[in-house]
Amino acid sequence: MRSVHLSEAGYDRMRLREWSRGVARSAGIDRRDLLKFVAAASVAGTATAAPAQAAVTPAPGIVKPLPPELFTVRGTNAETNFTALRSTGLLTPADRFFVRNHTVTPRIDAADWRLSVWGSGLTGPAVDFTYTELRALPSVTRTAFVECAGNARSFYATQQNQQVSGTAWTLGAIGTARWRGVRLADVLRRAGIGRDAVDVLPRGLDNEVISDGTNLGRVRRPLPVSKALDDVLLAYEMNGEPLPPDHGYPVRLIVPSWVGIANIKWVGDIEVSAEPLLSPWNTGLYRLFGPAYPPEGGAPLTRQTLKSAFELAPGASVPVHRRQVLTGRSWSGGVPVRSVEISTDGGTRWRRARLRDEPRSGSWVRWSADWLPKERGSAVLLARATDRTGRTQPDVAVHNTQGYLFDAVVRHEVRVV
Ligand SMILES: Nc1nc2c(c(=O)[nH]1)N[C@H]1C(S)=C(S)[C@@H](COP(=O)(O)O)O[C@H]1N2
Ligand SMILES: [Mo]
């Protein structure tokens, strides 16, 4: 099977058929456990639900400080408050970049670290790389966002009255950084990737994940060879510094525009397989289940969707009769954003926001718009982006049980005082 030249959509359809027919191999988990797990994921409220409430105590597994003005802690995760981005440029400083941890941040010494590349898709035996060896390879730098597939999930409940499972993020499970590292393609070629390789499975060195009594093993998610050989990085720097522990030190994957889970942190080994691979993260998790999808779920998620956010606290107070500069950001996992419109009256009238950045794929664009509030009371602000294909954020997102890929326009209520 040659998958290198398959389009992403072709890959999706192929994997969906394989999954339905049961031909792919479940890597690192008993097939029966995997099937039980997928059945649970297809019903809202029973998947690996992290606590839905924001915890008041700091997330126990995160190393960096999480001051409440920068972050909202949600279980083992920390969401960036969008107001904390107002003073930042295009790049998100590490001190305010959201953290999504399935368990806890491991402390790894780069001197002891090895990346092992192995599997039936190599032409020879396993090949190990030390940190020094990896850093000696030609490096590339690229600006890319990392965004959780469940970003904005809470709006399924609060705006659409629909039940979903998982961490109740608002819009802050995203950050953009400048990543430096080695092309995954270079490492795979050095390791001797063969023509029959179809899947590449990077795995993290953090703890095994236990979900409802089932050990899912360590965090891992197969990537099709076509994407792995395209624009994926093994990154060791974030914004010009070594990766911080919470963001994958010493080395993580950066998979531009794809769901956050693809960006495996603390990568320790990469299986290169000549047969398709399954893990909980491309079977029960990160697939779409619900009335709008087939019973076995939609194809494994790949790209993120279109979203917009104001750099403003929810429920913020703004003074009446005083000119405001509303600022925010819009982004797309598909083609770049073309334009952004805002409304300050709940969606009756719309006008163009000024774009502050050249829209680029895999990044976000900052925007601003003036507003002179004329009446006291509550006001609903809306921002909606349109991409270069003409697709505009809808009023309602299509429901799925795990609340992924919320793309509807978010209603941002403020008080004019
Ligand atoms: N090893 C490992 N990699 C991981 C995760 C994890 O828990 N363990 N979480 C994933 C998810 S779901 C997301 S959204 C991103 C978050 O990256 P960040 O914490 O650097 O923001 O990392 C991904 N990579
Ligand atoms: Mo995520």
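Indexing begins at 1, ligand by ligand and atom by atom, following the structure's order. Keep in mind that the numbers below use all heavy atoms, side chains included, and drop hydrogens, waters and symmetry copies.
Nearest protein heavy-atom neighbour of atom 21 (O) of ligand 1: Phe98 O, 2.7 Å. At the top of the distance list for atom 24 (N) of ligand 1, counting protein heavy atoms only, stands Asn263 O, 3.1 Å. Taking atom 6 (C) of ligand 1 as the reference point, the nearest protein heavy-atom neighbour is His102 ND1, 3.5 Å. Looking from atom 23 (C) of ligand 1 to the surrounding protein, the closest heavy atom is Gly260 O, 3.4 Å.
For atom 17 (O) of ligand 1, the choice among Arg100, His247, Arg252, Arg203 with the nearest heavy atom turns out to be Arg252.
There is no side-chain donor-acceptor pair under 3.5 Å between Arg415 and Ser317. Ser120 and Glu275 form no side-chain donor-acceptor contact under 3.5 Å, judged by distance and modelled atom types alone. No side-chain N or O of Asp199 forms a donor-acceptor pair with one of Ser273 less than 3.5 Å apart.
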* Residues Phe310, Trp367; criterion ring-ring contact (aromatic ring centres under 6.0 Å, His included); working and verdict -> CA-CA 9 Å; Phe310 286 95; Trp367 46 258; 5.3 Å; yes

* For the pair Thr389 and Asp387, evaluate side-chain hydrogen bond (donor to acceptor under 3.5 Å, both in side chains) and give the outcome as yes or no after the intermediate values. => CA-CA 5 Å; Thr389 66; Asp387 73 16; 2.6 Å; yes

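Not a single N or O atom of Trp266, backbone or side chain, sits closer than 3.5 Å to an N or O atom of ligand 1. Backbone and side-chain nitrogen or oxygen atoms of Lys265 are examined, and one is located within less than 3.5 angstrom of a nitrogen or oxygen of ligand 1. When only interatomic distances are considered, the shortest N/O to N/O separation between Tyr286 and ligand 1 does not fall below 3.5 Å.
Residue Trp179 holds its CH2 atom at 11.5 Å from CD of Glu237, rounded to the nearest 0.5 Å. Separation of atoms NE2 (His102) and CZ (Arg218) is listed at 14.0 Å; rounding is to 0.5 Å. In this structure, Leu243 CG and Arg180 CZ are separated by 11.5 Å, a value rounded to the nearest 0.5 Å. Annotation: the span from Arg384 atom CZ to Leu306 atom CG amounts to 11.5 Å, rounded to 0.5 Å.
Counting the atoms of ligand 1 from 1 in the order shown, those under 4.0 Å from a heavy atom of Asp206 are 1 (N), 2 (C), 6 (C), 7 (O), 8 (N). For ligand 1, the atoms sitting less than 4.0 Å from at least one non-hydrogen atom of Phe97 are 21 (O), numbered in the order shown with element in parentheses. Near Asn101, the atoms of ligand 1 lying under 4.0 angstrom from a non-hydrogen atom of the residue are 7 (O). Residue contact check: Gly204 has heavy atoms under 4.0 Å from atoms 1 (N) of ligand 1. Atoms of ligand 1 lying under 4.0 Å from at least one heavy atom of Ile264, given by number and element, are 3 (N), 24 (N).
In Val219, the part holding a heavy atom less than 4.0 Å from any atom of ligand 1 is the side chain.
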